[in-house]
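Below: the structure, in structure tokens.
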Amino acid sequence: MKLLADAATPEDLFHGQWQGRPSKLDAFKPYLDDRWNQGCTKAWTVWIVPLGYQGSYQRVRAYFREKRLSPGPVTARPPSPRVVARWILRRPESLAETDRLRLKAVLVHCPELDAFTGHVRSFGQMLTEPQGERLPQRLDAIRQDNLPKLHTLAAGIDRDRDAVIAGLTLHWESGVVEGHVNRIKMLKRQMFGRAGFDLLRKRVLLYS
């Protein structure tokens, strides 16, 4: 009760059960951190409503006040690895502005992850567009970075380079064949331990 009685501003009440709970401001804290580092240390100089913020101005002011009064650095809580992976695997233009800013804040603090993100997006572009002829350059770029796991991937692709380039360039695909194979496997699993090859053969022929 003494804490409540001594509170000079509403922000002083954000303690105890309110601490650590998700708020509408969480997604915008990386942006606020960037503006703080740029010298914008007043809450009224930062306008985040156009970015989609629907919370109160008091929360923004409380966050800046915490950064100003705290002896240590106050920054946004890092997102989980699952969330970061989802951001990296999505098209950059499809990310919301707040997600783009949060991913940027993560990549700034991890050069290896920043390089990895560039390679993932380059390969994603090759998979969605006929750019198989760029594969050798992409593999060379991977080898220039200190990413051992990707070096293993590049070595595996090199063993079948011609086939991979053809798959990334030509319009033919094996999707229909794979569909038939999966269908036969499904029928086989349904009959496991209950029938022999003759019945399986009849079911496959009748299903076709």
Side-chain angles (χ1 to χ4, degrees), residues 20-38 40 46-55 59-60 63 66-67 72-171 173-175 178 182:
R21 296 179 60 182
S23 75
K24 296 179 180 179
L25 188 63
D26 290 343
F28 302 88
K29 286 181 179 179
Y31 174 75
L32 297 179
D33 294 340
D34 286 343
R35 296 305 305 272
W36 177 275
N37 295 331
Q38 294 170 5
C40 298
V46 181
W47 186 243
I48 58 177
V49 172
L51 298 179
Y53 177 64
Q54 299 178 351
R59 285 192 177 275
V60 180
Y63 185 63
E66 183 182 3
K67 292 172 73 70
V74 176
T75 59
R77 288 179 298 180
S80 66
R82 184 188 298 272
V83 172
V84 175
R86 185 171 69 247
W87 291 340
I88 293 175
L89 293 175
R90 290 184 59 183
R91 291 178 178 269
E93 61 273 13
S94 68
L95 285 174
E97 181 66 16
T98 55
D99 292 341
R100 187 186 65 80
L101 292 172
R102 296 180 70 186
L103 177 60
K104 176 183 176 182
V106 172
L107 299 182
V108 165
H109 293 87
C110 185
E112 292 81 5
L113 187 59
D114 189 17
F116 175 80
T117 301
H119 295 308
V120 168
R121 290 176 171 174
S122 296
F123 271 82
Q125 187 176 9
M126 284 195 302
L127 289 172
T128 56
E129 302 176 8
Q131 296 182 353
E133 70 281 356
R134 298 186 180 182
L135 180 63
Q137 291 85 350
R138 302 297 188 191
L139 296 179
D140 291 339
I142 287 177
R143 296 187 183 94
Q144 293 175 5
D145 289 326
N146 185 23
L147 300 171
K149 296 297 184 181
L150 288 187
H151 293 176
T152 302
L153 173 65
I157 293 176
D158 258 336
R159 288 194 290 269
D160 295 308
R161 175 181 291 199
D162 293 338
V164 176
I165 292 177
L168 294 173
T169 306
L170 303 177
H171 65 276
E173 61 179 41
S174 61
E178 293 295 334
N182 290 334

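The residues of the chain are indexed from 1 along the displayed sequence.
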Checklist entry - Which is it for E133 and I165 under the side chain to side chain contact (heavy atoms under 4.5 Å, CB included) test, yes or no, and what are the steps along the way? => result CA-CA 6 Å; E133 70 281 356; I165 292 177; 5.7 Å; no
Checklist entry - So, do R161 and P136 sit near enough that their side-chain heavy atoms are less than 4.5 Å apart? => result yes
Next on the checklist: Walk me through whether N146 and E112 qualify under side chain to side chain contact (heavy atoms under 4.5 Å, CB included).
Outcome noted: CA-CA 8 Å; N146 185 23; E112 292 81 5; 5.8 Å; no
Checklist entry - Nearest heavy-atom pair of R121 and W87: which atoms, and what distance? => result NH2-O, 4.0 Å
Item to check | Set of residues satisfying salt bridge (Lys or Arg N to Asp or Glu O under 4.0 Å) with respect to E178, sequence neighbours excluded | outcome: none
Checklist outcome for this item: By salt bridge (Lys or Arg N to Asp or Glu O under 4.0 Å), R159 pairs with (sequence neighbours left out) none
Checklist entry - Can you name the salt bridge (Lys or Arg N to Asp or Glu O under 4.0 Å) partners of D140, sequence neighbours left out? => result R143
Next on the checklist: Tell me every residue that passes salt bridge (Lys or Arg N to Asp or Glu O under 4.0 Å) with R100, counting only those two or more places apart in sequence or in another chain.
Outcome noted: E97
Next on the checklist: Rounded at 0.5 Å granularity, tell me how far CG in L135 sits from CZ in F123.
Outcome noted: 5.5 Å
Checklist entry - Can R86 and D99 be said to form a side chain to side chain contact (heavy atoms under 4.5 Å, CB included), step by step? => result CA-CA 10 Å; R86 185 171 69 247; D99 292 341; over 6 Å; no
Item to check | Residues in side chain to side chain contact (heavy atoms under 4.5 Å, CB included) contact with V120, at least two apart in sequence or another chain | outcome: I88, L89, F116
Checklist entry - Which residues satisfy the side-chain hydrogen bond (donor to acceptor under 3.5 Å, both in side chains) test with T169, sequence neighbours excluded? => result none
Next on the checklist: Any non-hydrogen side-chain atom of E129 less than 4.5 Å from a side-chain atom of R134?
Outcome noted: no
Next on the checklist: Hydrogens and angles aside, do D145 and H119 bring a side-chain donor and acceptor to less than 3.5 Å of each other?
Outcome noted: yes
